Enquirer: 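My questions will all concern the structure given below.
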Amino acid sequence: MKITDARVFVGGPKKNYVTLKIMTDQGVYGLGDATLNNRETLPAAYLRDYLIPALIGMDPRNSEDIWQFLYRGAYFRGGPIAMAAYGAIDMALWDIKGKLANMPLYQLFGGKSREGAMVYAHATGADLPDLMDSISHYVEQGYKAVRVQCGIPGMPSASYAVPEEKGEGKHYITDFSGVRPKVETWDTGPYMRYMPGALAEIRARFGPELHILHDVHHRLTPREAAEFAKAVEPVGLYWLEDPTPAEDQEALKLIRQHSTTPIAIGEVFNSAWQCNKLIEQELIDYIRVAVTYAGGITPVKRIVDLAGMHHVKTGFHGAPSHSPLCMAAQAHINAWAPNFGIQEYLVLGTPECDALFPSEHRMENGMVYVSDAPGLGVDFDEAEAKKYSFSPGSHPVVRLTDGTLWNY
Ligand code: KDG
Ligand code: MG
């Protein structure tokens, strides 16, 4: 069996999805997602100019050897652009494998460990009453877990993930007006003074059962993060996410030594080598990698297995950054993984997205139910894809009140 051709499509409804389609001499094709948020044309170019020509003629069933060929075979290893491109290839090869076996991917991994996988919604508010309404909205829809982000009194511009426009699926992350980033202001003092109390009010209002998550989005120093994690202990958070940038992994010990608040990290990681120390030293409780960014199903399964040996659960990234193909790959891992924790999920709620990526993966009462269709269980409608083209966007940048550039 041979790979005969592969094509890359960039575009989608309110999003530049990078979709790879690998064709074979047996008529079976595989699909993968290489969407690297706000850098979409780069993995697409790497795929088109370097990787696809090398893949043609290879046996698509040898997904392990092809992954090694991509990763070890590149003299300059890894990095977010390359790993997103490898992620798409690996996903597409697993899709082909599942279709050949006539089995959904979770069966190839070892079958189901659960029926539905718990997901968390994104509640946001310009202020606390607004956030309370947003949380109620998701609780009424049946969500058992909600990530909460709130505007901070005294902070000149909204804190992380607070949309200027309200409504489900509003893009508070990507600004499509061009590649010049919008500037947000951050002030640690007001945040540290306000947010622990706000989280306590949310707990008091919604009771002990609701899983409350909060994303610090890399804004604190390790010492501040340790203080914050300790201060919010009585709230009983499900997790505190990205309390500090994770390049300095040693620094995370400070948070661990001062608090029992569960920590979730990894959405910007693109290699198992960025995860293994945090997992082995048990400095985190949830590993947040995404199948696209971390190089595909092959390496992510290895990360999940290592995590399982160290009491670390999964909490895969699932912001609107990813196409339904990546979300499907994660749904199959979530159905299988013995150490599944939770899945991030953002309701885009667009019929256009469903038309572009038809699938039978279902979302009900805050749970995702994986499709039983062979492979990933998601198709790609090329006629629909013709409606869309690339439009450049950017993440914001963050500056402190005196103008110093800070962590987004
Ligand atoms: O591209 C960046 C977003 O995916 C990120 O800001 C979202 O932090 C995020 C999250 O937890 O979903
Ligand atoms: Mg995050």
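Positions are given from 1, in the same order as the sequence printed here. Everything numeric here is computed off the predicted structure, so don't read it as measured data. All ligand and atom numbering here is 1-based and tracks the order in the structure.
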Enquirer: Can you check whether Y17 and F357 have ring centres sitting under 6.0 Å from each other?
Expert: yes
Enquirer: Counting from 1, what ligand 1 atoms have a heavy atom of H217 closer than 4.0 Å?
Expert: 5 (C), 6 (O), 8 (O), 9 (C)
Enquirer: If you stand at the Mg ion (ligand 2) and look out to OE2 of E241 and OD2 of D215, what angle do those two lines make, to 10°?
Expert: 90°
Enquirer: Are any non-hydrogen side-chain atoms of Y238 and Y286 less than 4.5 angstrom apart?
Expert: yes
Enquirer: Any Lys/Arg nitrogen of K144 or E209 sitting under 4.0 Å from an Asp/Glu carboxylate oxygen of the other?
Expert: no
Enquirer: Is N37 in polar range of ligand 1, meaning some N or O pair under 3.5 Å apart?
Expert: yes
Enquirer: So is R147 polar-close to ligand 1, meaning N/O to N/O under 3.5 Å?
Expert: yes
Enquirer: Need the ligand 1 atom indices (1-based, order shown) with element for anything under 4.0 Å from a heavy-atom of D215.
Expert: 8 (O), 9 (C), 10 (C), 11 (O)
Enquirer: Of all the atoms in ligand 1, which lie at a distance below 4.0 Å from a heavy atom belonging to R288?
Expert: 10 (C), 11 (O)
Enquirer: Decide whether a cation-pi geometry holds between R362 and Y369; the criteria are a distance under 6.0 Å from NZ or CZ to the six-membered ring centre and an angle within 45° of the ring axis.
Expert: yes
Enquirer: Apply side-chain hydrogen bond (donor to acceptor under 3.5 Å, both in side chains) to T292 and D33, showing your working.
Expert: CA-CA 6 Å; T292 296; D33 175 30; 3.2 Å; yes
Enquirer: Hey, which atoms in ligand 1 end up nearer than 4.0 Å to a heavy atom of H395?
Expert: 1 (O), 2 (C)
Enquirer: What I want to find out is whether K277 reaches E280 closely enough, with some N-O distance under 4.0 Å, to be called a salt bridge.
Expert: no
Enquirer: Do any nitrogen or oxygen atoms of S321 come within less than 3.5 Å of a nitrogen or oxygen of ligand 1?
Expert: yes
Enquirer: Give the atom numbers and elements of ligand 1 that come within less than 4.0 Å of a heavy atom of A319.
Expert: 4 (O), 7 (C), 12 (O)
Enquirer: Salt bridge check, K387 against E352: does any charged N sit closer than 4.0 Å to a carboxylate O?
Expert: no
Enquirer: Could you confirm whether E267 has any N/O/S atom lying under 2.8 Å from the Mg ion (ligand 2)?
Expert: yes
